[in-house]
Amino acid sequence: MRVAAVLEEGKLGGPQIYIIRLAAAMHSNAKLGGFDTVIILPIENSSSTVSLCKSSDVEYKTIRISRITKELRVALRYIFLFPFETWQLTKEFRRGDFQLVYIAGGAWQYKGAIAGKLAGKKVVWHLNDTGLPWIFRKLFGWIGRVADGFIYASERSKVYYNQLVDLNKPSYVIPSPVDTSFFDPKCVHSSDDVQIRKPGQEVIVGTVANVSPVKGLDVLIRSAAKLKKQGFDIQFVVIGAIYPSQQRYFADLQKLAADLSLDNIEFVGALDDVRPLMKQFDIYLCSSNSESSPISVWEAMAMEKPVVSTDVGDVPIYVKEGESGFIVDVGDSDAMAERLSRLIKNPTIRHEFGGKAREIAVRELDISRCVERHLAAYQEILSL
């Protein structure tokens, strides 16, 4: 069986990592008889995603696909090219002998869905968010009718989209996967000798997040300031890309940190492998304003890290309050600082929470479970 997984956004992020890991796991699973997924993605801004495809031994093809943004010039270009790029995708699906088209990356990726239907293929749409601008929401309400089934990244995503989709069509909730054998705190890495802990600092609070307003990094900074006022000498580390489009936001974050007299927040940029630094985190912090099924949180859990997270997506389902971490309201820097302080002061609780977090990740979020669930979904949709 061959699946075409379409990404209209080339930049490496959660959806891109999700589909590449899934494709690699399905291909390598002998029980599936070499289940093949080809990832089709834009030429532009996709170098990191292409590198991950190559290192994961996942087949891919880059073509010219434009993406839509709020910028007027980009939006007009997207509208102008829409019919041409949709037809290009249609021809690609016909040539590739695909049985299924998988729309990866969100509800705004309309061209792949239309092209899949024009090519006479079954279409499954992966929905991974809990909020859309009204125009995209309206468009999805119309175009979503072409899908033969839906895969939701979280229960909250399903609730959000239930009023927009045909409830008679098959739907499945499949959380983002983590390879718990790869994200294993016992693994030894070649760069383990690179230390980020500064002299005298006993605790590192870390996060993995591309610099963007949706990640709520301003709340992280405000929490750091509150902890500093309480006398805690801790270090905050942010792993994630700083794209040109986010340079202004990044400058705002730097100014906020300077205004609050903070010198203990380090932005280390994007890393090919986050595990060596994540291994050194004592606490993992997710400060996001919106998520559905955040891969980085699951990775931290697999690495035995206690988690403090905002109440986003399905995080509260897997981060058990008071057992493997703490959940706080979105934007509540006071509560975030208070929960962090509890963990900072008690290494025993950190250890217990971390152990419980890995148990949950292995049992409920491992890539093997994701493969099983997707295979069942594919088979049902193809049988319709």
Side-chain angles (χ1 to χ4, degrees), residues 3 5 7 12-32 34-37 39 48-60 102 104-105 126 128 151 153-154 172-192 206-210 239-240 270-281 284 286 291-305 307 313-315 317-319 324 354-378:
V3 176
L7 289 163
L12 186 63
Q16 290 72 22
I17 294 170
Y18 178 112
I19 194 62
I20 292 170
R21 286 182 181 170
L22 176 64
M26 282 192 156
H27 182 71
S28 63
N29 192 323
K31 294 180 182 178
L32 304 183
F35 197 106
D36 288 324
T37 301
I39 296 178
S48 296
T49 304
V50 166
S51 295
L52 184 58
C53 285
K54 290 178 178 178
S55 64
S56 303
D57 196 24
V58 168
E59 186 178 353
Y60 71 93
Y102 187 107
H126 182 255
N128 63 348
I151 293 176
S154 67
Y172 319 85
V173 177
I174 307 177
S176 300
V178 57
D179 186 341
T180 57
S181 64
F182 185 76
F183 283 88
D184 185 336
K186 297 182 178 63
C187 288
V188 177
H189 311 103
S190 59
S191 54
D192 276 350
T207 192
V208 179
N210 290 340
I239 302 173
L271 300 175
D272 291 333
D273 187 353
V274 301
R275 293 173 301 164
L277 292 197
M278 187 180 281
K279 183 187 284 190
Q280 298 178 55
F281 293 173
Y284 187 85
C286 172
E291 296 282 358
S292 181
S293 182
I295 288 178
S296 61
V297 175
W298 311 156
E299 291 171 348
M301 292 172 65
M303 293 288 284
E304 291 189 347
K305 303 304 172 186
V307 175
D314 280 1
V315 172
I317 292 177
Y318 302 106
V319 176
S324 59
K356 181 67 173 178
R358 178 162 175 82
E359 287 178 14
I360 295 169
V362 170
R363 184 177 66 248
E364 302 184 41
L365 298 167
D366 187 71
I367 184 69
S368 60
R369 295 292 308 279
C370 185
V371 167
E372 292 169 2
R373 292 165 175 164
H374 271 83
L375 180 61
Y378 290 174

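Counting begins at 1 with the first residue of the sequence.
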Test your reading of the model: is there a side-chain donor-acceptor pair from [X] to the backbone of [Y], 3.5 Å cut-off?
| X | Y | value |
| --- | --- | --- |
| Y284 | V208 | yes |
| R275 | F182 | yes |
| K305 | K279 | yes |
| H374 | C370 | yes |
| T180 | V362 | no |
| E372 | R369 | no |
| R21 | V178 | no |
| S176 | S293 | yes |
| D314 | I317 | no |

Test: R358 and D184 ion pair at under 4.0 Å: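 Yes, this pair counts.
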
Donor-acceptor side-chain pairing of N128 and S292 below 3.5 angstrom: no

Partners meeting ring pair (Phe, Tyr, Trp, His ring centres under 6.0 Å) with F281 (sequence neighbours left out):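 With sequence neighbours excluded, F281 shows a ring pair (Phe, Tyr, Trp, His ring centres under 6.0 Å) to no residue whatsoever.
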
Pair V371-L22, side-chain contact (heavy atoms from CB on, under 4.5 Å): steps then yes or no: CA-CA 7 Å; V371 167; L22 176 64; 4.2 Å; yes

Ring geometry between Y318 and W298 (parallel below 30°, tilted from 30 to 60°, perpendicular above 60°):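 Ring orientation, 0 to 90° scale: perpendicular.
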
